[in-house]
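All chains are named by letter (A, B, ...) in the order of the sequence lines, taking the proteins before the strands, and each is independently numbered beginning at 1.
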Protein chains: 2
Amino acid sequence: MPQRSVVRPQLTRESVLQAALQLADRDGLEALTMRALAEQLGVEAMSIYYHLPNKDAILDGLVEVVFAEIEQEVGGFAPPPSTDASNWAPALRERILGARRVLLRHPWLPNVMNARGASGPNAMRHVDGVVGIMRAGGMSHDLIHHSLHAIGSRMYGYVQELSDDGATPAPVELEQLAALAPHLAAMLAEVVHDDPDSTLGWCDDQTEFEFGLDLLLEGLERRRAAQPT
Amino acid sequence: MPQRSVVRPQLTRESVLQAALQLADRDGLEALTMRALAEQLGVEAMSIYYHLPNKDAILDGLVEVVFAEIEQEVGGFAPPPSTDASNWAPALRERILGARRVLLRHPWLPNVMNARGASGPNAMRHVDGVVGIMRAGGMSHDLIHHSLHAIGSRMYGYVQELSDDGATPAPVELEQLAALAPHLAAMLAEVVHDDPDSTLGWCDDQTEFEFGLDLLLEGLERRRAAQPT
DNA sequence: ACCTGAACACCGTTCAAGT
DNA sequence: ACCTGAACACCGTTCAAGT
């Protein structure tokens, strides 16, 4: 007699992730243990493993769930149709502030991304939208690439890097990516093509660091010179 | 007969931190456990607790050890004597790149700072030097304050924020800080004074986020407009 | 197919005990 | 003063077993 299925709906991947999200939002990331999560679900800890292979899979799933929420918040990842050279920056600004509004609801997520990365389809499509906005603004793929590094910590609410893991994608993977994130795939194809040496990690971290740093220093010097004396 | 004191020098706070640094550099942060650290020292795990109260104290100690290394690398935290409005930006650039060179030798440290903060005396004096450079360049305390937020992730090799914990320092603490980090203390005194509402967390995170974001967007727009067509 | 219980190999840490 | 050993309360996870 499946009486208990009346009081406790059904354990699924989705219900586990939903409960994990609530638990982390309420009590923080360190409170998200398999045992605490099971208790919240009214189930034994080991039951979770039937629906998700391990805790890392839960964390990866949470990142994707939140990026789905970001997609809602910004009205879809596609660049606004009217984006051009005159308004790409405000469009990107809105996109990034929208992502930030969501991340402020889940302040523990940047730490998860920092530890586990954010390379699921939703996260990829988010980046794709940002690339699309810059592309519509008339930026070269090379400049877009540098820009992604420069704004990375802002995009993800202060996290490490975009993807040091993002070692050179094999051509096959790049084809798969193109279906999901065409702007991003086009950028990668061009950047990798232009610099074929960079087979292990296609980004020169030092160059990217200095690019972003100089952007900030230039802006600060302008602010300084504009100060009332 | 203290024979073993010949083969194993003496356990001290410093030798524990030195071994912890080596262990983290070699095997990563997740390999730094009390038991593994004890083994590296040729001692039982519990012996460490005689010299340091707990693991958090070890992590805090490591942050300070690395900031001492940064002090060496940049030739002292004091601003170069010749710093003025014409060269403050290159001076700050060198300071930040020097810190980065050290952090690249200890790539696990940003994660420690992210989790534990960096509020020891050496870390404070590092920030003090940065404030001093900007001050010598003729920036107002208010602009310096915004600037610190904007370059925070670069200063610390991509970490969260400067100090959300840095809630309003009590006047007494501020006096103590002045002895260690006079430029920083002067800035805090002025900024807190100007905005007395901000008794809980003297920074408007949203404002600081947008300040840094706009700095980047402006710079990127200039780069875009300068592209060859 | 879905869930459970006992057990294992780890953590950081307390506490009483050794020398 | 300095170090040890056993034990505790946690982790994530394996594996055989239940229904």
Side-chain angles (χ1 to χ4, degrees), chain A residues 1-24 26-63 108 111-117, chain B residues 1-24 26-63 108 111-117:
Chain A
M1 228 128 296
Q3 176 107 14
R4 61 164 163 60
S5 73
V6 176
V7 302
R8 171 171 38 81
Q10 239 284 40
L11 206 56
T12 63
R13 194 190 113 99
E14 282 66 41
S15 69
V16 169
L17 291 178
Q18 193 52 45
L21 188 74
Q22 280 182 23
L23 191 56
R26 184 157 51 85
D27 299 334
L29 193 58
E30 75 289 344
L32 179 57
T33 70
M34 299 301 280
R35 287 169 172 88
L37 180 54
E39 193 181 11
Q40 167 121 343
L41 286 159
V43 98
E44 293 302 312
M46 294 309 108
S47 309
I48 298 170
Y49 285 82
Y50 186 81
H51 302 276
L52 287 133
N54 50 41
K55 188 174 179 181
D56 281 346
I58 294 178
L59 295 176
D60 290 342
L62 287 175
V63 174
W108 45 272
N111 283 326
V112 175
M113 291 192 280
N114 189 32
R116 303 264 333 139
Chain B
M1 226 128 299
Q3 176 106 17
R4 59 163 162 61
S5 75
V6 175
V7 303
R8 169 168 42 80
Q10 240 283 40
L11 206 57
T12 65
R13 195 190 113 97
E14 283 65 40
S15 69
V16 170
L17 291 179
Q18 193 50 47
L21 188 74
Q22 281 182 23
L23 190 57
R26 185 157 50 84
D27 299 334
L29 193 59
E30 75 288 346
L32 179 57
T33 69
M34 298 303 280
R35 287 167 173 90
L37 180 55
E39 193 181 12
Q40 168 121 343
L41 287 160
V43 99
E44 292 303 312
M46 291 313 108
S47 308
I48 298 170
Y49 285 83
Y50 186 78
H51 302 275
L52 287 133
N54 51 40
K55 187 173 180 181
D56 281 346
I58 295 179
L59 295 177
D60 290 341
L62 287 175
V63 173
W108 44 272
N111 282 326
V112 175
M113 290 192 281
N114 191 30
R116 302 263 335 138

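The shortest heavy-atom contact between Ala36(A) and Thr33(A) is N-OG1, 3.0 Å.
To the nearest angstrom, C1' of dT4(D) lies 6 Å from CD of Glu44(B). Between the CD1 atom of Ile48(B) and the C1' atom of dG5(D) there is a distance of 15 Å, rounded to whole Å. Rounded to whole Å, the distance from OH on Tyr50(A) to P on dA1(C) is 6 Å. Distance NE2 (His51(A)) to C1' (dC3(C)): 8 Å, rounded to an integer number of Å. Leu52(B) has its CG atom 15 Å from the C1' atom of dC3(D), to the nearest Å.
Leu21(A) places a side-chain heavy atom less than 4.5 Å from the side chain of Gln18(A).
Although no hydrogens or angles enter the test, the distance criterion places a donor-acceptor pair under 3.5 Å between the side chain of His51(B) and the main chain of Leu11(B).
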Please tabulate, one pair per line, all N/O donor-acceptor pairs under 3.5 Å involving side-chain atoms of residues 54-62 of chain B, not counting sequence neighbours.
| unit_1 | atom_1 | unit_2 | atom_2 | d |
| --- | --- | --- | --- | --- |
| Asn54(B) | OD1 | Asp56(B) | N | 3.3 |
| Asn54(B) | OD1 | Ala57(B) | N | 3.0 |
| Lys55(B) | NZ | Leu32(B) | O | 2.7 |
| Asp56(B) | OD2 | Arg116(B) | NH1 | 3.2 |
| Asp60(B) | OD1 | Arg116(B) | NE | 2.9 |
| Asp60(B) | OD1 | Arg116(B) | NH2 | 3.2 |
| Asp60(B) | OD2 | Arg116(B) | NH2 | 2.7 |

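Here the CE atom belonging to Met34(A) is positioned 7.5 Å from the CG atom belonging to Leu52(A), to the nearest 0.5 angstrom.
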Produce a footprint string for nucleotides 12-19 of chain C: one letter per nucleotide, 5' end first; B if the base is under 4.0 Å from any protein heavy atom, S if only the sugar-phosphate is, - if neither. BBB-----
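The salt bridge (Lys or Arg N to Asp or Glu O under 4.0 Å) search around Arg13(A) returns none, not counting sequence neighbours. For Gln40(A), the side chain to side chain contact (heavy atoms under 4.5 Å, CB included) test picks out Ala19(A), Gln22(A), Leu23(A), Arg26(A), with sequence neighbours left out. Applying the side chain to side chain contact (heavy atoms under 4.5 Å, CB included) criterion to Ala31(B), with sequence neighbours excluded, gives Asp27(B).
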Kindly express the pairing pattern of DNA chain D in dot-bracket notation, using | wherever a base pairs with another strand and counting only Watson-Crick or G-U pairs under 3.5 Å. ||.|||||...|||||.||
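Between Ser47(B) and dT4(D) there is a side-chain polar atom (N or O) within less than 4.0 angstrom of OP1 or OP2.
Taking every side-chain heavy atom of Gln10(A) into account, dC3(C) is the closest of dC3(C), dT4(C), dC3(D).
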